[in-house]
Amino acid sequence: MQIADVKNVDIVIIGAGFSGLYALHRLRDYNVVCFEAGEGVGGTWYWNRYPGARVDIQSVEYSYSFDKELEQEWSWPEYFSGQAELERYANHVADRHKLRDRIRLSTRVVSMRFDEGINRWQVQTEKGDTVKSKYVVAATGALSAPNSPPWPDRELFEGEIYHTAEWPRDGVDLSGKRVGQIGTGSTGLQVAPMLAEQVEHLYVFQRTPAFAMPSGNRPMDPAYERAWKANYQARRRQMLETYGVSMVMELPQFCAHECTHEEQMAILEEAWNSQSAFKMMIAFKDVMTDKAANELVSEFVRQKIRGIVNNPATAELLCPKTYPLGSKRLCIENGYFEMFNRKNVTLVDVRSDAIVGYTRTGLRTTGAHYDLDVIVNATGFDAITGAMSRIEILGLAGLSLAKKWADGPTVWLGTMIAGFPNLLMIHGPMTPGAQAQMLTSGEWQVDFVARIIDEMERDGLCRIDTTIEAERLWAEEVEMCAQHTLHRFTDSWYNGKNIEGKKGGFMIYIGGFPRFAQLCQAAVNDGYKGFIRSA
Ligand code: NA7
C-alpha cells in the first residue's frame with residue numbers, strides 16, 4: 001500500500017532496523033512512513049559489515065516471532081549468523097510483508113519540532129522534506145551512532161581510515177598493508193583475526209582488555225533446528241520469562257563458596273566448553289553479585305588466556321584485571337587469543353602509552369610512532385542516547401532534548417520523555433537494551449508502543465506525554481536495580497563512560513526483562529499511570 005500523503009502522516013518511524021521493520025508492519029493500518037539513513041534495511045546488520053561481523057546470540061532465538069510461517073520456513077545455516085545472512089533476512093522480511101513502499105531509504109532525519117497548536121511533530125529530513133506526523137516512533141537503535149576517536153590531525157593521515165560500523169559495502173583490500181586496529185570490544189575481537197589473515201602486519205591498539213568466551217558457532221544441526229521449530233511458540237514464551245529474553249538455560253544451584261575447589265573447576269570448565277554465550281556469568285548463583293565469586297570466574301578465564309597466548313608478557317596484557325567479568329558485555333571470540341601467536345600481529349598497550357594523534361604516516365602515542373597504511377576504528381558507539389542526540393529534537397515550548405539530557409537521559413519506562421509528547425522510543429535509555437536479546441525484546445516494545453497508539457486512537461485523544469515525577473520514579477527503579485550488581489564498578493557504554501565528557505548514570509535497565517515488561521504493562525493497565533493523555 002502506498003502512503004496516502006507523505007507530507008501529513010499518522011506515524012513517522014525513524015529507522016528500518018529489526019525493530020523499525022516490525023513497527024512498520026505492526027502499525028501498517030495507519031498512514032505511516034519510515035525514514036532510514038542507510039541505503040538498505042537491517043540497521044545494525046546493514047551498517048556493521050566488517051569482516052567477521054556475527055551475532056552473539058543464537059539465531060533461532062535472535063529472529064522474529066511475529067510471523068509464525070516465516071519461523072517455520074526460514075533456515076539458519078549456522079548457530080550464530082553472520083552479518084550477510086542477517087541482512088538477507090531483514091530484506092526478506094521487508095519484501096515478504098511488502099514494507100518497502102513505506103520506507104524512504106538514504107533519508108536521515110535531522111530535526112523534529114513539536115507543534116503544540118496542532119499536536120503534530122514536524123519532522124525534517126536531510127533531503128529537505130518536512131513531514132507532519134501525529135506520532136514519532138524512534139527505532140533509532142542503541143548502538144547506531146559510531147564513536148570515532150577524538151585525536152587531532154586526522155586530515156594529515158595519508159592512508160585510509162575506516163570505522164567498523166561504516167565498513168564499505170564493497171569491502172576493503174588489505175593485503176600487503178600495515179593496519180592499526182583501535183579497540184578490543186566485541187567488534188574488535190571479531191574483526192582482528194579476519195584482518196590478521198589478510199594484512200602484512202596488524203597492530204592491535206588495546207586500552208582495556210576484554211573477557212571473552214570461545215564462540216559456539218557451528219553449522220546448524222538439523223535435529224536441533226527441528227526441535228526449535230516443533231516448539232517455537234512455547235520456547236519464545238519461556239524466553240520472555242527469562243532475565244535476558246534468551247534460551248532457557250539450566251540455572252546454577254550453588255553460590256561459588258558453597259562448592260569445593262574441584263567442583264568449582266569442573267563447573268567452570270563445563271561452562272567454558274558449553275558453546276553457549278554467557279554461561280560463565282551464570283556458572284554460580286552469585287557471579288554478578290559477589291566480588292569473590294566473580295574474581296574466581298575472572299581468574300579462570302585469565303588462566304585460559306595464559307594457556308593460549310605463547311608470549312607471557314602479551315598474555316598478561318590481554319588479561320582483564322580492572323573490572324569484574326560480565327560487568328560490561330562479555331565478548332565472544334573466534335581465534336582472537338590464538339591470533340597473538342602469529343608473527344604478523346603486535347599488541348600495543350595504549351593504556352600505559354596513550355594514542356595522542358594522527359600523523360601523515362600513522363599514529364603517534366606518548367612514547368612511540370606506528371607507521372600504518374590503514375587505520376580501523378573498532379571504537380564502538382555513542383550508545384543508547386547517541387542516535388537521538390544527533391537529531392535536533394524540540395518538544396513543548398521549544399525545549400531541546402539535548403539540553404534536557406545534558407546531564408543524562410530521563411525517561412518514563414524507557415519509552416517516553418516528559419515534554420516530548422507523542423514521541424515513543426524502542427530500545428530507549430533505561431530499557432533492558434543489551435541486557436536482553438534485542439530482537440525479541442524490541443518486538444515486545446513495538447507491541448507495547450503500538451498498544452499505546454491504538455488506545456489513543458480508540459479513545460479519540462490527541463496527545464500523550466509523561467511527567468518529571470514519573471521520570472524520577474523510573475530513575476529510582478533503574479538505580480535500585482543497578483545497586484545490586486557488579487555492573488556499577490565498570491566504565492563502558494552501559495554508563496556512557498566510553499565517551500569523553502558524556503554524562504549520565506547507568507543507562508540500562510538491569511532489573512531483568514520480565515520485571516521491565518510487568519512494570520510497563522502495569523502502568524498502562526493502571527489507567528496510564530505516569531502518562532498524561534489529553535484530547
Ligand atoms: P565497545 O564494546 O564500546 O568497544 C570499543 C573499544 O574501543 C573498547 O575496547 C574501547 O576501549 C576502545 N576505544 C574507544 N575509544 C578509544 C580511544 N580513544 N583510544 C583507545 N581505545 C578506544 O564497542 P564494540 O563495537 O566493540 O561493541 C559494542 C556492542 O556491540 C557490544 O557490547 C555488543 O553488544 C555488540 P575502552 O574499553 O573504552 O578502554
Side-chain angles (χ1 to χ4, degrees), residues 56-57 142-143 147 183-189 206-214 242-246 249 251-252 255-257 264 268 271-272 276-305 317-333 336 351 378-384 408 429-438 477-499 502-513 515-516:
D56 57 8
I57 306 276
L143 293 161
N147 164 47
T184 52
S186 297
T187 301
L189 267 62
Q206 170 191 276
R207 189 163 67 182
T208 313
F211 283 107
M213 289 270 302
T242 66
Y243 177 91
V245 194
S246 59
M249 291 185 196
L251 291 174
C255 290
H257 69 87
Q264 289 171 344
L268 289 171
W272 181 259
S276 118
F278 313 121
K279 263 271 179 161
M280 300 307 284
M281 286 168 70
I282 57 164
F284 306 104
K285 279 204 278 197
D286 51 354
V287 178
M288 291 315 300
T289 51
D290 180 75
K291 273 190 170 175
N294 192 286
E295 177 53 25
L296 177 82
V297 183
S298 299
E299 186 54 24
F300 178 89
V301 175
R302 288 184 210 118
Q303 281 297 90
K304 288 290 181 191
I305 297 171
L317 266 181
L318 287 165
C319 285
K321 292 172 190 153
T322 55
Y323 61 96
L325 173 142
S327 61
K328 57 182 176 178
R329 185 67 175 237
L330 188 61
C331 302
I332 301 302
E333 60 85 24
Y336 176 72
R351 173 69 66 187
T379 42
F381 302 87
D382 180 357
I384 305 174
M430 280 93 153
T431 55
Q435 285 291 303
Q437 189 260 94
M438 291 188 84
E477 163 73 17
V478 172
E479 184 56 27
M480 188 267 291
C481 297
Q483 283 305 322
H484 295 297
T485 79
L486 298 176
H487 288 85
R488 66 189 185 282
F489 296 113
T490 305
D491 290 350
S492 74
W493 61 265
Y494 287 10
N495 58 9
K497 293 276 170 42
N498 63 325
I499 305 286
K502 184 167 173 176
K503 292 192 185 151
F506 206 72
M507 293 183 208
I508 291 183
Y509 182 73
I510 214 136
F513 179 80
R515 182 173 165 92
F516 169 77

When every non-hydrogen atom of Q206 is compared with those of L317, the smallest separation belongs to NE2-O, 2.9 Å

Please report the interatomic distance OG1(T379) to CG(N498), rounded to the nearest 0.5 Å. 9.5 Å

Can you find a heavy atom in the side chain of I305 that is under 4.5 Å from one in the side chain of C319? yes

Polar side-chain atom of D286 near backbone of T289 as donor-acceptor pair, under 3.5 Å: no

Can you give me the closest heavy-atom contact between R515 and C481, atom names plus distance? NE-SG, 4.4 Å

Do NZ/NE/NH1/NH2 and the carboxylate oxygens of D491 and K328 come within less than 4.0 Å? no

Under 3.5 Å, is there a donor-acceptor pair linking the side chains of R351 and T208? yes

What are the two closest non-hydrogen atoms of A142 and M438, and how far apart are they? CB-CE, 3.9 Å

Shortest non-hydrogen contact between L143 and F381, atoms and distance: O-CE2, 3.4 Å

May I ask you to say whether R302 pairs ionically with E295, meaning some side-chain N is under 4.0 Å from a carboxylate O? yes

When you compare the side chain of E299 with that of K321, does any pair of heavy atoms fall below 4.5 Å? no

Heavy-atom side-chain proximity of M430 to I384 below 4.5 angstrom: no

Just wondering, do D382 and K502 contact through their side chains at under 4.5 Å, heavy atoms? yes

Is a side-chain donor or acceptor of Y243 paired with a backbone partner of I510 at a separation under 3.5 angstrom? yes

4.5 Å side-chain heavy-atom contact, I499 and N147: yes

Angle class for the F516/Y509 ring planes (parallel below 30°, perpendicular above 60°, tilted otherwise)? tilted

One should read off an interatomic distance between N294 CG and L325 CG, to the nearest 0.5 angstrom, of 5.5 Å

Any chance you could measure Q303, atom CD, to S298, atom OG, to the nearest 0.5 Å? 12.0 Å

With respect to P324, which candidate in V297, T490, D290, T485 satisfies the side chain to side chain contact (heavy atoms under 4.5 Å, CB included) definition? T490

Gap separating the CD atom of E333 from the OG atom of S186, nearest 0.5 angstrom: 11.5 Å

Shortest non-hydrogen contact between A283 and P252, atoms and distance: O-CB, 3.7 Å

Go through the steps for D56 and R329 under the test salt bridge (Lys or Arg N to Asp or Glu O under 4.0 Å), then give the verdict. CA-CA 11 Å; D56 57 8; R329 185 67 175 237; 2.8 Å; yes

Quick one: does H487's side chain get under 4.5 Å of F506's, heavy atoms only? yes

Rounded to the nearest 0.5 Å, how far apart are SG of C331 and CZ of F211? 10.5 Å

For the student: nearest non-hydrogen atoms of F284 and C255, plus distance: CB-C, 4.1 Å

S327 side chain vs Y323 backbone, donor-acceptor pair below 3.5 Å: no

Whether the side chain of T184 engages the backbone of G188 through a donor-acceptor N/O pair (distance < 3.5 Å, no angle test) should be reported. no

Roughly how far apart are M213 CE and M280 CE, rounded to 0.5 Å? 6.0 Å

Are the side chain of Q264 and the backbone of A256 linked by a donor-acceptor contact shorter than 3.5 Å? yes

